Amino acid sequence: TFPSVQLRIILVRNISYHLMNTYIPSGLFVIVSWLTFFIPLDIVPGRMVLTITTLLTMVSMFSTVRQESPKVSYAKAIDMWMFSCIIIVFIVLVEYTFVVFLHFRAKKFSEAEPMDAKSNKRQQAFLKTITPEDH
């Protein structure tokens with residue numbers, strides 16, 4: 001038998017700091033960005049301000065997390081979480097822009113349609129007057 005020296009190192013990670021300062025607030029900001037779907041479509045400034053403010057807050061949080069974290073050459077789990085949150089909020093912004101575009105485009109066509117229907121009826125009435133129906 002050989003005498004040996006044993007060394008036991010127990011590492012404990014305290015996750016409450018990142019949980020309380022990063023994960024929960026960023027998750028709540030994503031939920032707030034989803035709440036803009038309940039704001040009426042015609043209130044463009046309110047929805048845009050809320051979404052853009054949420055996006056800028058997420059970018060600021062991501063920058064703070066990157067500064068406080070140790071510098072490594074790979075992506076950490078917290079980096080992926082923050083990046084995913086930023087992407088989700090950005091998708092909300094893109095979706096709202098697309099919906100506003102489609103809404104105003106449909107509104108433009110629906111306003112133009114009655115004029116086209118009137119001109120179509122006038123044209124048919126004009127054709128009835130110049131062409132006899134009994135032929």
Side-chain angles (χ1 to χ4, degrees):
T1 63
F2 297 98
S4 65
V5 175
Q6 290 185 352
L7 177 66
R8 181 178 291 189
I9 299 175
I10 299 173
L11 300 175
V12 178
R13 181 177 293 180
N14 190 359
I15 195 167
S16 65
Y17 174 78
H18 282 297
L19 189 66
M20 297 301 291
N21 291 326
T22 305
Y23 289 109
I24 291 175
S26 60
L28 290 175
F29 279 122
V30 169
I31 291 170
V32 166
S33 73
W34 290 344
L35 291 177
T36 60
F37 293 133
F38 295 109
I39 298 174
L41 187 62
D42 297 335
I43 305 176
V44 175
R47 286 183 81 166
M48 291 302 277
V49 165
L50 186 59
T51 307
I52 290 175
T53 302
T54 306
L55 183 64
L56 292 175
T57 304
M58 293 299 301
V59 169
S60 175
M61 283 179 68
F62 184 58
S63 175
T64 303
V65 167
R66 296 278 300 183
Q67 287 176 353
E68 292 178 356
S69 303
K71 306 294 182 226
V72 293
S73 62
Y74 54 87
K76 298 178 288 295
I78 197 164
D79 295 337
M80 297 308 290
W81 169 262
M82 293 300 294
F83 187 70
S84 300
C85 289
I86 290 171
I87 292 297
I88 290 170
V89 174
F90 181 74
I91 288 171
V92 168
L93 183 64
V94 169
E95 182 273 338
Y96 179 64
T97 305
F98 185 68
V99 167
V100 166
F101 171 75
L102 291 179
H103 174 72
F104 286 117
R105 183 175 170 203
K107 194 174 185 180
K108 183 174 114 177
F109 284 131
S110 69
E111 290 173 355
E113 188 176 316
M115 296 180 80
D116 290 340
K118 283 182 183 178
S119 65
N120 192 19
K121 287 180 183 177
R122 287 183 194 157
Q123 185 180 17
Q124 288 177 356
F126 178 74
L127 289 175
K128 283 183 182 178
T129 57
I130 61 171
T131 57
E133 300 244 348
D134 12 10
H135 294 317

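Since the structure is predicted, the reported quantities are computational estimates derived from the model, not experimental observations. Note that the numbering runs from 1 along the sequence shown for the chain.
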Nearest 0.5 Å, what's the [atom1]-[atom2] distance between [X] and [Y]?
X: E68; Y: H18; atom1: CD; atom2: NE2; value: 7.5 Å
X: L93; Y: I88; atom1: CG; atom2: CD1; value: 14.0 Å
X: S33; Y: I86; atom1: OG; atom2: CD1; value: 11.5 Å
X: M82; Y: K76; atom1: CE; atom2: NZ; value: 12.0 Å
X: E95; Y: W34; atom1: CD; atom2: CH2; value: 13.0 Å
X: M58; Y: S84; atom1: CE; atom2: OG; value: 9.5 Å

Are [Y] and [X] connected in a single hydrophobic cluster, I mean Ile/Leu/Val/Met/Phe/Trp/Tyr linked by side-chain heavy atoms less than 4.5 Å apart?
X: F62; Y: L19; value: yes
X: F29; Y: L35; value: no
X: V92; Y: V94; value: yes
X: L28; Y: V30; value: yes

Please give me the minimum heavy-atom distance between W81 and S26, naming the atom from each residue. NE1-OG, 2.7 Å
Minimum heavy-atom separation for M61 to T22, with atom names?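 Residues M61 and T22, closest heavy atoms: CE-O, 3.7 Å.
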Donor-acceptor pair, distance only, cut-off 3.5 Å: does the side chain of Y96 make one with the backbone of L41? yes
Which residues pass the side-chain contact (heavy atoms from CB on, under 4.5 Å) test with F98, sequence neighbours left out? L102
Would you say F37 has more than 12 foreign heavy atoms packed within less than 6.0 Å of its CZ?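 Above 12, so yes.
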In the structure I gave you, are the side-chain heavy atoms of Y23 and I78 within less than 4.5 Å of one another anywhere? yes
Set of residues satisfying ring-ring contact (aromatic ring centres under 6.0 Å, His included) with respect to F90, sequence neighbours excluded: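 F90 satisfies ring-ring contact (aromatic ring centres under 6.0 Å, His included) with no residue once adjacent residues are dropped.
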For residues 44-56, tabulate all N or O donor-acceptor pairs below 3.5 Å that involve a side-chain atom, not counting sequence neighbours.
residue, atom, partner, partner atom, Å
R47, NE, T36, O, 2.8
R47, NH1, I39, O, 3.2
R47, NH2, T36, O, 3.1
T51, OG1, R47, O, 2.8
T53, OG1, V49, O, 2.6
T54, OG1, L50, O, 2.6

